[in-house]
Amino acid sequence: MSDKIRVRYAPSPTGHLHIGNARTAIFNWLFARHNGGEFIIRIEDTDLARNIEDGERSQLDNLKWLGLDWDEAPDKPNAKYAPYRQSERKDSYQVYIDELLAKGLAYKSYKTSEQLTAEREAQQAAKQAPHYVYEYEGLTNEEREAKYAEFEAQGLKPVVRFRVDDDKVYAWDDIVKGRIEIGAKEVGGDWVIQKADGMPTYNFAVVVDDHLMEISHVLRGDDHVSNTPKQMMIYEALGWDVPKFGHMALIINAETGKKLSKRDNNVLQFVEQYRELGYQPQAMVNFIGLLGWSPVGEDEIFSLQEFVEMFDEKRLTKANAKFDQKKLEWINNQWMRRDKEKVMPQLINELVQAGLVSEADAVAKADWLAKVIEVAGVDGISYTKEIVELARKPFFELSDITPDMVEWLTSDEGRAVFNAWEARYAALPADAKAADYMDVIRSIQTDLEVKGRPLWNPIRIATTHEVQGPNLPEMLELFDKDQVLATMAAVREQYLN
RNA sequence: GGCCCGUUGGUCAAGUGGCUAAGACGCUGCCCUUUCACGGCGGAAUCGAGAGUUCGAUUCUCUCACGGGCUACCA
């Protein structure tokens with residue numbers, strides 16, 4: 001085995017990229033890149049029934065979106081250890097299954113699922129831990145072969161089970177948790193390494209692949225801790241070196257306190273969903289990189305490159321972390337403001353998607369739209385889709401005037417302000433600037449001796465049908481003068497005549 | 001039930017045998033301001049419990065409690 005650092009991210013293509021998986025991928029990638037090592041993606045698709053059509057594509061696509069790259073993966077068919085899909089590596093597994101069978105370290109088992117459940121239930125009824133019962137105890141090899149033939153004759157399909165030596169103890173120095181020791185008897189007896197459909201099981205296939213692909217470090221969720229002794233048994237049986245293991249704490253659902261699961265509908269937990277809402281990839285990486293890992297200093301905003309430089313696997317947290325949506329929103333806000341130029345087209349596109357702006361205007365009026373977005377309050381939003389409701393009124397639609405607003409308008413003060421404003425606004429040139437509007441409003445304040453809301457509200461209502469919102473002079477600069485005049489005329493017509 | 005892992009403010013977390021126990025999100029007060037947001041300055045809030053070791057434990061040991069993970073022909 002070379003001493004090159006090689007790590008892998010090995011998803012099963014059963015769904016889109018989950019936050020938890022993304023974190024595993026990110027930390028493996030950071031570990032590799034920090035150490036000048038290699039990052040491999042392998043698709044663990046041995047459960048034919050659960051694979052979904054687009055799973056693999058979606059995984060790679062979203063990883064790429066997050067900014068990760070890889071040295072070997074199914075999309076690089078000429079890479080050294082190809083293929084990188086377990087379903088295409090059956091021959092490799094067969095070699096070692098045969099070897100274990102030949103050495104007597106594994107055997108064929110023909111028990112039906114009914115038998116297995118019955119066994120398990122009986123054990124549970126007797127208050128015993130479920131434990132596989134070896135069915136060939138005391139038989140010679142020949143006698144066992146004879147049994148095989150007998151079962152085959154009955155048309156039964158075998159699985160291959162690994163023969164576990166219950167007396168052994170498996171121990172390793174975990175990169176994140178320190179020393180862990182688990183007795184072989186805890187794995188529950190002889191376990192299946194090859195299923196009846198000929199596919200290897202996960203615990204067997206990972207070992208063969210990790211060894212063949214020269215994986216040096218395995219960084220994964222700590223839900224795999226109890227799989228580790230099983231995997232170590234295979235390394236041992238085949239005489240292979242064991243990689244270094246690191247079991248990272250899990251991300252848990254803040255509401256249920258349980259491991260974030262695909263069935264939790266109360267949290268958005270697929271990278272894709274955040275992507276659709278307009279979260280920035282840098283923000284996702286930034287947030288995920290800080291869940292279960294902490295840097296040395298006090299900063300919170302980091303680029304992928306900064307993470308690469310700082311990464312230190314010793315700073316991985318031991319305790320589970322709750323997923324804090326609010327902090328993600330804040331981090332995303334920070335990134336949007338940092339990269340505003342880059343995000344602007346995406347923001348404009350949100351307005352198009354919402355039907356507020358035509359495709360043609362999105363291009364033709366891009367500069368104006370950028371100003372609208374700025375004035376509408378882009379600095380306060382958590383993700384790009386939020387700009388739609390912020391900009392909608394009054395830039396693209398007007399609200400209805402409420403009874404409250406009518407009162408502001410029809411008081412003596414309100415009428416006076418409205419009249420002055422209407423006249424002085426009309427007198428301003430069409431290309432007046434925010435400062436010009438401000439001057440006019442100040443002049444009304446001085447002349448009529450009105451200030452505060454009694455001054456601003458009638459003006460706001462007259463021009464925007466709102467009593468609050470972004471800085472009014474700045475909005476006025478962006479409005480079309482004829483349209484504002486028409487709006488005011490309509491207000492006068494309906495409420496002030 | 002068994003085995004394994006964990007426990008610092010609401011959340012993410014730093015940290016150490018002796019410190020006023022960092023920082024960030026959130027919450028909150030004040031300022032800015034026509035309003036909202038932004039921004040600025042403050043504030044409240046944490047070492048799960050009990051024994052031990054020690055001159056001294058948040059830090060080391062043990063027990064307990066609580067939380068989580070696993071316990072498949074899923075990965």
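Just so it is clear, the values below take in all heavy atoms, side chains as well, and ignore hydrogens, waters and symmetry mates. A note on names: the letters A, B, ... follow the listed sequences, proteins ahead of strands, and every chain is numbered from 1. Note that this is a predicted model, so its numbers are computed, not measured.
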Undergrad: Touch check for Asn227(A), heavy atoms < 4.0 angstrom, all strands: base, sugar-phosphate only, or nothing?
TA: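 Base contact.
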
Undergrad: Under 4.0 Å, heavy atoms only, any strand: does Pro473(A) hit a base, just the sugar-phosphate, or nothing?
TA: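 Base: the residue Pro473(A), judged by heavy atoms under 4.0 Å, touches a nucleobase.
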
Undergrad: Testing the 3.5 Å rule here: is there a donor-acceptor pair between the side chains of Asn332(A) and Tyr274(A)?
TA: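 Judged by distance alone, the side chains do not pair up.
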
Undergrad: What's the gap between rG50(B) and rA65(B) when it is taken at their C1' atoms, as a whole Å value?
TA: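 Straight-line distance between the two C1' atoms is 10 Å.
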
Undergrad: Establish, for the pair Arg338(A) and Trp335(A), whether the NZ or CZ atom is under 6.0 angstrom from the six-membered ring centre and no further than 45 degrees off its axis.
TA: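 Arg338(A) over Trp335(A) ring: yes.
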
Undergrad: Counting Watson-Crick and G-U wobble pairs only, both distances under 3.5 Å, name the nucleotide matched with rU16(B), or none.
TA: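 Check on rU16(B): unpaired, no WC or wobble geometry under 3.5 Å.
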
Undergrad: Please confirm whether the shortest side-chain N or O distance from Ser294(A) to OP1 or OP2 of rA14(B) is below 4.0 Å.
TA: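 For Ser294(A), the contact criterion (side-chain N or O under 4.0 Å from OP1 or OP2 of rA14(B)) is met.
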
Undergrad: Starting from the 5' end of RNA chain B, give me the residue, Asn333(A) or Asp223(A), whose nearest nucleotide shows up first.
TA: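 With Asn333(A) and Asp223(A) compared, the 5'-side residue is Asn333(A).
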
Undergrad: For RNA chain B, which residues in residues 309-329 of chain A have a heavy atom at a distance below 4.0 Å?
TA: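 The answer is Arg315(A), Thr317(A), Lys318(A), Ala319(A), Asn320(A), Ala321(A), Lys322(A), Asp324(A), Lys326(A), Lys327(A).
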
Undergrad: Output the rounded distance in Å from CD (Glu466(A)) to C1' (rA37(B)).
TA: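 It works out to 15 Å between those atoms.
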
Undergrad: Taking atom P in both rU59(B) and rU8(B), compute the distance separating them and give it to the nearest angstrom.
TA: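 These two P atoms come out 13 Å apart once rounded.
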
Undergrad: Would you say the base of rA37(B) and the side-chain of Asn471(A) have a donor-acceptor pair closer than 3.5 Å?
TA: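 When only heavy-atom distances are counted, Asn471(A) does not reach the base of rA37(B) through any donor-acceptor pair under 3.5 Å.
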
Undergrad: Base, sugar-phosphate, or nothing: which does Gly469(A) touch, judged by heavy atoms less than 4.0 Å apart?
TA: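 The residue Gly469(A) makes base contact.
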
Undergrad: So which nucleotide does rC70(B) pair with, by the Watson-Crick or G-U wobble rule with both distances under 3.5 Å?
TA: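 In the structure as shown, rC70(B) has rG2(B) as its Watson-Crick or wobble partner.
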
Undergrad: Report which part of the nucleic acid Leu290(A) touches: base, sugar-phosphate, or nothing (heavy-atom distance under 4.0 Å, all strands).
TA: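 Sugar-phosphate contact only - Leu290(A) comes under 4.0 Å of backbone atoms but never of a base.
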
Undergrad: Considering every strand and a 4.0 Å limit on heavy-atom distances, what is the contact class for Lys185(A): base, sugar-phosphate, or nothing?
TA: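 Touches nothing.
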
Undergrad: Considering only the C1' atoms, how many Å lie between rA24(B) and rC55(B), rounded to the nearest integer?
TA: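 Per the computed distance, 37 Å lies between those C1' atoms.
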
Undergrad: Quickly work out the Glu298(A) CD to rA21(B) C1' distance and round it to whole Å.
TA: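 After rounding, the reported distance stands at 13 Å.
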
Undergrad: I would like to know whether Ile193(A) and Arg161(A) meet side chain to side chain contact (heavy atoms under 4.5 Å, CB included); could you show each step before the answer?
TA: CA-CA 6 Å; Ile193(A) 60 175; Arg161(A) 280 179 188 270; over 6 Å; no

Undergrad: Report yes if a side-chain nitrogen or oxygen of Arg460(A) is closer than 4.0 Å to either non-bridging phosphate oxygen (OP1 or OP2) of rU34(B); otherwise report no.
TA: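 Indeed not, no polar side-chain atom of Arg460(A) lies that close.
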
Undergrad: In whole Å, what separates the P atom of rG69(B) from that of rG26(B)?
TA: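 Here rG69(B) and rG26(B) have their P atoms 28 Å from each other.
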
Undergrad: Between Lys259(A) and rG69(B), is there a contact of a side-chain N or O with OP1 or OP2 at under 4.0 Å?
TA: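 No, Lys259(A) has no side-chain N/O under 4.0 Å of OP1/OP2 on rG69(B).
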
Undergrad: Roughly how many Å apart are rU54(B) and rC47(B), using the P atom of each and rounding to a whole number?
TA: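 26 Å, rounded to whole Å.
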
Undergrad: Compute the ring centroids of Tyr202(A) and His224(A), then answer whether they are less than 6.0 Å apart.
TA: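 Yes - the distance between ring centres of Tyr202(A) and His224(A) falls below the 6.0 Å cut-off.
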
Undergrad: Applying a 4.0 Å non-hydrogen cut-off, can you work out what Glu181(A) is touching in the nucleic acid: base, sugar-phosphate, or nothing?
TA: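 The answer is sugar-phosphate, as Glu181(A) gets under 4.0 Å only of primed atoms, P, OP1 or OP2.
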
Undergrad: Is the positively charged end of Lys147(A) above the ring of Tyr110(A), judged by distance under 6.0 angstrom from the centroid and angle within 45° of the axis?
TA: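 Judged by the rule, Lys147(A) and Tyr110(A) form no cation-pi pair.
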
Undergrad: Pick the P atom in rG10(B) and in rA49(B), then give their distance to the nearest Å.
TA: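 rG10(B) and rA49(B) have their P atoms separated by 13 Å.
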
Undergrad: One pair to check against ring pair (Phe, Tyr, Trp, His ring centres under 6.0 Å): Tyr9(A) and Phe39(A). What are the steps and the verdict?
TA: CA-CA 8 Å; Tyr9(A) 167 61; Phe39(A) 179 66; 7.0 Å; no

Undergrad: Considering every strand and a 4.0 Å limit on heavy-atom distances, what is the contact class for Leu250(A): base, sugar-phosphate, or nothing?
TA: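 Sugar-phosphate only.
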
Undergrad: Would you indicate what Gly183(A) reaches in the nucleic acid, counting non-hydrogen atoms under 4.0 angstrom: base, sugar-phosphate, or nothing?
TA: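 No contact.
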
Undergrad: Between P on rC38(B) and NZ on Lys340(A), what's the gap in Å once rounded to a whole number?
TA: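 To the nearest whole Å, that distance equals 13 Å.
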
Undergrad: With nearest nucleotides of RNA chain B determined for Gly257(A) and Val296(A) from heavy-atom distances, which residue corresponds to the more 5′ nucleotide?
TA: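 Closest to the 5' end, via its nearest nucleotide, is Val296(A).
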
Undergrad: Nearest whole Å is fine: how far is rG67(B) C1' from Ile252(A) CD1?
TA: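 The distance from CD1 of Ile252(A) to C1' of rG67(B) comes to 8 Å, rounded to the nearest Å.
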
Undergrad: Counting any heavy atom closer than 4.0 Å, what does Arg50(A) reach on the DNA or RNA strands: base, sugar-phosphate only, or nothing?
TA: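 The residue Arg50(A) makes base contact.
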
Undergrad: Students often get this wrong, so: under 4.0 angstrom with heavy atoms, is Lys111(A) touching a base, only sugar-phosphate, or nothing?
TA: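 Base, at least one base atom sits under 4.0 Å.
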
Undergrad: Among Asn227(A), Asp223(A), Asp222(A), Thr228(A), which residue satisfies the side-chain hydrogen bond (donor to acceptor under 3.5 Å, both in side chains) criterion with His247(A)?
TA: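 Only match with His247(A) under side-chain hydrogen bond (donor to acceptor under 3.5 Å, both in side chains): Thr228(A).
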
Undergrad: With sugar-phosphate meaning primed atoms plus P, OP1 and OP2, does Lys127(A) contact a base, only sugar-phosphate, or nothing at under 4.0 Å between heavy atoms?
TA: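 No contact.
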
Undergrad: Of the nucleotides rA75(B), rC25(B), rC4(B), which one has an atom closest to the side chain of Trp330(A)?
TA: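 Of rA75(B), rC25(B), rC4(B), rC25(B) is nearest to the side chain of Trp330(A).
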
Undergrad: Atom CZ of Arg442(A) to atom P of rU34(B): distance rounded to whole Å?
TA: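 Value for this atom pair: 6 Å.
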
Undergrad: Within the stacking criterion (centroid distance below 5.5 Å, interplanar angle below 30°), does Trp456(A) stack on rU34(B)?
TA: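 So yes, this residue stacks on that base, both cut-offs being met.
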
Undergrad: Please determine if a side-chain N or O atom of Arg337(A) lies less than 4.0 Å away from the OP1 or OP2 oxygen of rG39(B).
TA: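 Answer is yes, contact under 4.0 Å.
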
Undergrad: When you get a sec, tell me which of rA75(B), rC70(B), rU34(B) is the closest nucleotide to the side chain of Leu472(A)?
TA: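 Side chain of Leu472(A) sits closest to rU34(B).
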
Undergrad: Pairing check on rA44(B): which nucleotide meets the Watson-Crick or G-U wobble criteria with it, both distances under 3.5 Å?
TA: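 In the structure as shown, rA44(B) has no Watson-Crick or wobble partner.
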
Undergrad: When you compare rG48(B) with rA57(B), how far apart are their P atoms, in angstrom units rounded to a whole number?
TA: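 Looking at atom P only, rG48(B) and rA57(B) are 16 Å apart.
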
Undergrad: Could you measure between the two C1' atoms, the one in rA14(B) and the one in rC32(B), and give it in whole Å?
TA: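 It works out to 33 Å between them.
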
Undergrad: It should be established whether Arg120(A) places a side-chain nitrogen or oxygen under 4.0 Å from OP1 or OP2 of nucleotide rC73(B).
TA: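 Result: yes.
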
Undergrad: Starting at NE2 of His224(A) and ending at P of rC4(B), how long is that distance when rounded to a whole Å?
TA: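 My rounded result for the distance is 20 Å.
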
Undergrad: Can you measure Met336(A) atom CE to rA37(B) atom C1' for me and round it to whole angstrom units?
TA: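 Whole-Å distance recorded here is 13 Å.
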
Undergrad: If I take atom CD in residue Glu186(A) and atom C1' in nucleotide rG1(B), what distance separates them, rounded to the nearest angstrom?
TA: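 Taking atom C1' of rG1(B) as the reference, CD of Glu186(A) is at 12 Å.
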
Undergrad: Pick one: which of Val491(A), Thr410(A), Ile459(A) meets side chain to side chain contact (heavy atoms under 4.5 Å, CB included) with Phe418(A)?
TA: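 So the option named by the test is Val491(A).
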
Undergrad: Assess, by modelled atom type and distance only, whether the side chains of Ser12(A) and Arg50(A) contain a donor and an acceptor separated by less than 3.5 Å.
TA: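 On atom types as modelled, these side chains do not qualify, holding no pair under 3.5 Å.
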
Undergrad: Looking across every strand, which nucleic acid part, if any, lies under 4.0 Å from Val192(A) by heavy atom: base, sugar-phosphate, or nothing?
TA: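 Since only primed, P, OP1 and OP2 atoms lie under 4.0 Å of Val192(A), the category is sugar-phosphate.
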
Undergrad: Give a yes/no on whether any side-chain N or O of Thr46(A) is located under 4.0 angstrom from OP1 or OP2 of rA75(B).
TA: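 Checking rA75(B) against Thr46(A), a side-chain N or O does come within under 4.0 Å of OP1 or OP2.
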
